[in-house]
Asks: 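Have a look at this one.
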Amino acid sequence: MARFAYYIYYRISPGRDAHILRAVQKAQTEVAAATGAEARLLVKRDEPDLWMEVYEGIADAVDFERALAAAVERHALAMLVLDGTSRKTETFVESPCA
């Protein structure tokens with residue numbers, strides 16, 4: 001069975017990182033409770049306003065995406081990104097060669 005990895009990156013509004021961090025952590029906790037998916041939050045080196053959420057080992061993409069969308073909506077994460085930008089999602093599967 002294929003497992004999925006989700007990489008979600010976005011720019012945050014400068015000076016709002018503490019508020020945004022709390023919202024992201026709450027959303028990640030909800031997603032973990034609903035799906036069992038553990039999350040990591042990364043910040044790009046030398047670009048502290050570029051953040052990335054990483055979710056790996058996802059077995060059920062439909063359930064995960066549903067839980068993630070609900071958490072993003074509930075915590076207004078789409079509204080916390082830098083004006084004129086959006087959250088970008090990339091999804092990968094394990095290589096059949098691995």
Asks: For a 4.5 angstrom cut-off between non-hydrogen side-chain atoms, does Ser13 reach Asp49?
Replies: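 Not in contact.
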Asks: Closest approach of Ile12 and Pro48, non-hydrogen atoms and distance?
Replies: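 Heavy-atom minimum between the residues: CD1-O, 4.4 Å.
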Asks: Could you check Trp51 against Ile8 for side chain to side chain contact (heavy atoms under 4.5 Å, CB included), going step by step and ending with a plain yes or no?
Replies: CA-CA 8 Å; Trp51 289 17; Ile8 304 163; over 6 Å; no
Asks: Compare every heavy atom of Ala59 with every heavy atom of Phe4, then report the nearest pair and how far apart it is.
Replies: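 For Phe4 versus Ala59, the nearest heavy atoms are CE1-O, 4.1 Å.
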Asks: Side-chain contact, heavy-atom cut-off 4.5 Å: Thr35 with Val31?
Replies: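 SC-SC contact between Thr35 and Val31 confirmed.
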Asks: Could you tell me which non-hydrogen atom of Ala78 sits nearest to which non-hydrogen atom of Val72, and how far apart they are?
Replies: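 Nearest pair, atom of Ala78 first, then Val72: N-CG1, 4.1 Å.
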Asks: Could you tell me which non-hydrogen atom of Ala34 sits nearest to which non-hydrogen atom of Ala67, and how far apart they are?
Replies: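 Scanning both residues completely, I find the closest heavy atoms to be CB-CB, 3.9 Å.
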Asks: List the steps and the verdict of side chain to side chain contact (heavy atoms under 4.5 Å, CB included) for Tyr7 and Phe92.
Replies: CA-CA 8 Å; Tyr7 300 88; Phe92 291 80; 3.6 Å; yes
Asks: State, with a plain yes or no, whether a side-chain heavy atom of Thr89 is found less than 4.5 Å away from one of Glu65.
Replies: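 When only atoms from C-beta onward are counted, Glu65 and Thr89 do not touch, as no gap falls below 4.5 Å.
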Asks: Quick check on the hydrophobic clustering: are Leu80 and Leu21 connected, directly or via other members, by side-chain heavy-atom contacts under 4.5 Å?
Replies: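 Result: yes, single cluster for both.
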Asks: Once the angle between the rings of Tyr6 and Phe64 is folded into 0 to 90°, is it parallel (under 30°), tilted (30 to 60°) or perpendicular (over 60°)?
Replies: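 Tyr6 vs Phe64 ring planes: tilted.
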Asks: Please check: side-chain N/O of Thr85 versus main-chain N/O of Val81, any donor-acceptor pairing under 3.5 Å?
Replies: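 It does not hold such a pair.
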Asks: When you compare the side chain of Tyr9 with that of Glu90, does any pair of heavy atoms fall below 4.5 Å?
Replies: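 When only atoms from C-beta onward are counted, Tyr9 and Glu90 do touch, with a gap below 4.5 Å.
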Asks: Can you list the steps and then say if Arg74 with Glu30 is a side chain to side chain contact (heavy atoms under 4.5 Å, CB included)?
Replies: CA-CA 10 Å; Arg74 192 170 10 270; Glu30 287 181 15; 2.7 Å; yes
Asks: Would you say that Leu50 contacts Val43 through its side chain, given a criterion of any heavy-atom pair below 4.5 Å between the two side chains?
Replies: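 No, side chains not in contact.
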Asks: Could you measure the distance from the CZ atom of Arg22 to the CZ atom of Arg16? Nearest 0.5 Å is fine.
Replies: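 Answer for the CZ-CZ pair, Arg22 versus Arg16, is 10.5 Å.
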Asks: What is the minimum heavy-atom distance between Tyr10 and Ser86, and which atoms define it?
Replies: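 That would be CB-O, 4.0 Å.
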Asks: Between Arg3 and Glu56, is the closest basic N to carboxylate O distance under 4.0 Å?
Replies: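 No salt bridge links Glu56 with Arg3.
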Asks: Side-chain contact test, heavy atoms from C-beta onward, threshold under 4.5 Å: evaluate it for Leu42 versus Val54 and give yes or no.
Replies: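 They are in side-chain contact.
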Asks: Please determine whether side chain to side chain contact (heavy atoms under 4.5 Å, CB included) holds for the pair Glu38 and Gln28, giving the CA-CA distance in whole Å, both sets of side-chain angles, and the decisive distance to 0.1 Å.
Replies: CA-CA 8 Å; Glu38 297 281 332; Gln28 288 178 329; over 6 Å; no
Asks: Ion pair present between Glu53 and Arg40, side-chain N to carboxylate O less than 4.0 angstrom?
Replies: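 No, this pair does not count.
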Asks: Is any side-chain heavy atom of Arg11 closer than 4.5 Å to a side-chain heavy atom of Glu47?
Replies: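 Counting from C-beta outward, Arg11 and Glu47 do come under 4.5 Å.
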